[in-house]
Amino acid sequence: MNEHDSEKVAGVLLRRGYRQVASPDEARLVFYNTCSIREKAAQKVFSRLGEFNPRNNFGRESGKVIGVLGCVAQQEGEEIFERAPWVSLVCGSASYRELPLLLARLEAGENRVTGLDTDTDETFETELTRRDHPFRAYLTIIEGCDKACSYCVVPYTRGPERSRASESILREVRELADVGYTELQLLGQTVNSYRDPSNRHLSFSELLLGVAEVPGIRRVRFMTSHPHDMGKDIVDAIDASPALCDHIHLPVQSGSTRVLRAMQRTYAREEYLEKIGMIRGARKPISITTDFIVGFPGESEVEFEETLSLLDAAQFDGAFSFQYSPRPHTPAALMADPVPEREKQRRLQALQERQRAIQLQRHQSLMGQTFEALVDGASRREGQWTGRTSSNRVLNFTSSRTDLLGKYVRVRVTGAGPNSLTGEESIE
Ligand code: 5AD
Ligand code: SF4
C-alpha cells in the first residue's frame, strides 16, 4: 500500500513538471514516504532524515527541499520540524489529496507546510500514477480502516474507511488494460470491506467480477482481507472467474481466542478456522497466506502453543510473522504484562520454523503439476527465469526460449523449497 502511495505521489509530481533523478544527491526535492506499523520502521525515518542535516551540507541551505510523507508524518506531525528543522513539508497518509496545494505553497517559498487532517471522506485519486512495476499494476479501492484492532496504529494514521466509486475503479482498470497491463492488484487495509459509495452499490465480489471481465485483464489479485468480511460470495466469485487469482491473504494474528479478543479482532479461533474450511471447500484450490503477531501483552505459553496448533490446522501457504511492537495511541500500548523481548524472539523463531516445514511439505505435494507463470524476472544464467503462479508462488524455471518477460508460460514443477518452486517450461 505504501509503495503504491509513492507511485501516486510521484504521479502528482510528474504532473506538476517535476522530473525523476537517479539519486537524492541530484534532487532539489526529496520526499520520504514512511511507515509506522512497527516501531523499527518508524525509528528508521529519523536516522534517514539525519543524513539531510545541514551540517552534512544538505537541507534548505543547499537549496534542497525535504518532505516527510506517510504514517510517521501523520503520527509525529509538527514534532518532525522540532527533531529535523531542515524538513519543509509534513503530510500524513490521510491528507495526500492536499499534496498539489501543499506543493504550490512550497514552490511559492513557504518553509513549513503541513497536511495532517484525517477527517476526510475522500480518497486520494490522481490524474497520473507513475507505475514502478512493469507487469503488475496496483490500485487502491478502499483507504483507511474502521476496524479497531487494539495493537494497530493504522486507523489513527490512515483515518476512517472510505471506498472509491466503482465507476472510477473500472475506468482506471480499462486504462491499465489499454496500456498493456494484464495483472492487477486491488489494495486496501481491509480490501474486502469495500462498499461502493456510488448508486450502483456493487459488493466487493461484484466489483471483483466486474474487474475480471475487462478485456485484456488476465489476473486480478486483492489484499488484505479481514476475516470478519470474508463471505462465501468472494470464494464463489474466484471459483466462477478464471481471471480471479486463487490466492487469499487472510491475517489471523493469533490462534488463541483469548488473545484474539484482547486484540479486538472480532472473531474466535473456531470462526477463523470455519472461514478456512469455506475457502478450502472451493472447486479451485485456493492458496491462503496470513499474518501473525507473537508476544502480544499477556500472551501465555499455552496461548502461543494454540497459535502453533493453528498453523497445523490451517496449513497456510505463506505467513508473515512479527513480534508485537507497542504503538502510540493504541489501547494495547497501555496493557499490562508485556512479554519479554527474548521470549518474543523465541516464539517468533518457533513459529517460523514450524511454518517453514509446512510450506515445504505443501510445495512438495505440487511436484509434477503444471502451472501458468507470469514471468517477471530473468536470472543472469541463460535460460533461467522467474515468475509467479496465480496462487502467488514464486516459480523459478528453465526455458530455451528468449524474451519471456511479461509473458505467461506453462511450467511443470520439478523441485520444491519452503519459499519457492522450481520447474521447466512445459511444451505440450
Ligand atoms: N506490532 C507488530 N505487528 C503489527 N502489525 C500491525 N500492528 C502491529 C504491531 N503493533 C502486523 C499485523 C498486520 C501486519 C500488516 O502488521 O500482523 O497484519
Ligand atoms: Fe490495523 Fe486491524 Fe485495520 Fe488491519 S484491520 S489495518 S490490523 S486496525
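As the structure is a computational prediction, the values presented were derived from the model and not from experiment. Read the numbers this way: they start at 1 and go in the same order the structure lists the ligands and their atoms.
- The cationic group of Arg131 does not satisfy the cation-pi geometry with Tyr138, failing either the under 6.0 Å distance to the six-membered ring centre or the 45° limit from the ring axis.
- In this structure, the separation between CZ on Phe316 and CG on Asp291 is 9.5 Å, given to the nearest 0.5 Å.
- Contacts with ligand 1 closer than 4.0 Å are made by heavy atoms of both the backbone and the side chain of Tyr151.
- Around atom 2 (Fe) of ligand 2, protein N, O or S atoms at less than 2.8 Å comprise Cys149 SG.
- Heavy-atom contacts of Gln323 reach the following atoms of ligand 1: 1 (N), 2 (C) (cutoff under 4.0 Å).
- Residue pairs meeting the salt bridge (charged side-chain N to carboxylate O under 4.0 Å, His left out) criterion with at least one partner in residues 140-152, sequence neighbours excluded, are Lys8-Glu143, Glu143-Arg162, Lys147-Asp229.
- Closest protein heavy atom to atom 15 (C) of ligand 1: Asp291 OD2, 3.8 Å.
- Aromatic pair His329/Tyr156: centroids less than 6.0 angstrom apart.
- The nearest pair of heavy atoms linking Pro85 to Arg112 is O-NH2, 3.4 Å.
- We find that Asp376 and Arg136 are not joined by a salt bridge, their nearest charged nitrogen and carboxylate oxygen being 4.0 Å or further apart.
- By the criterion of a heavy-atom distance under 4.0 Å, neither the backbone nor the side chain of Val154 is placed next to ligand 1.
- Both cation-pi conditions hold for Arg83 and Phe46: the charged atom is under 6.0 angstrom from the six-membered ring centre and inside a 45 degree cone around its axis.
- The protein atom (non-hydrogen) at minimum distance from atom 7 (S) of ligand 2 is Tyr151 OH, 3.3 Å.
- Within 6.0 Å of atom OH in Tyr18, more than 12 heavy atoms from other residues, nucleotides or ligands are found, so the atom counts as buried in its surroundings.
- The cationic group of Arg38 lies under 6.0 Å from the six-membered ring centre of Phe322 and within 45° of the ring axis, placing it in a cation-pi geometry.
- Considering backbone and side-chain N/O of Arg38, one or more are found under 3.5 Å from N/O of ligand 1.
- Between Arg327 and ligand 1, not a single N/O pair is under 3.5 Å apart.
- Counting heavy atoms only, Ser325 comes closest to atom 10 (N) of ligand 1 of the residues Ser321, Ser325, Cys149, Ser254.
- Proximity of Glu39 to ligand 1 is not established, as no heavy-atom distance is less than 4.0 Å.
- Between Val375 and Val409, the shortest heavy-atom distance links the atoms CG2-CG2, 3.7 Å.
- Annotation: Phe222 is in aromatic contact with Phe204 [ring centroid separation under 6.0 Å].
- Against a heavy-atom cut-off of under 4.0 Å, Gln253 is close to the following atoms of ligand 1: 12 (C), 13 (C), 17 (O), 18 (O).
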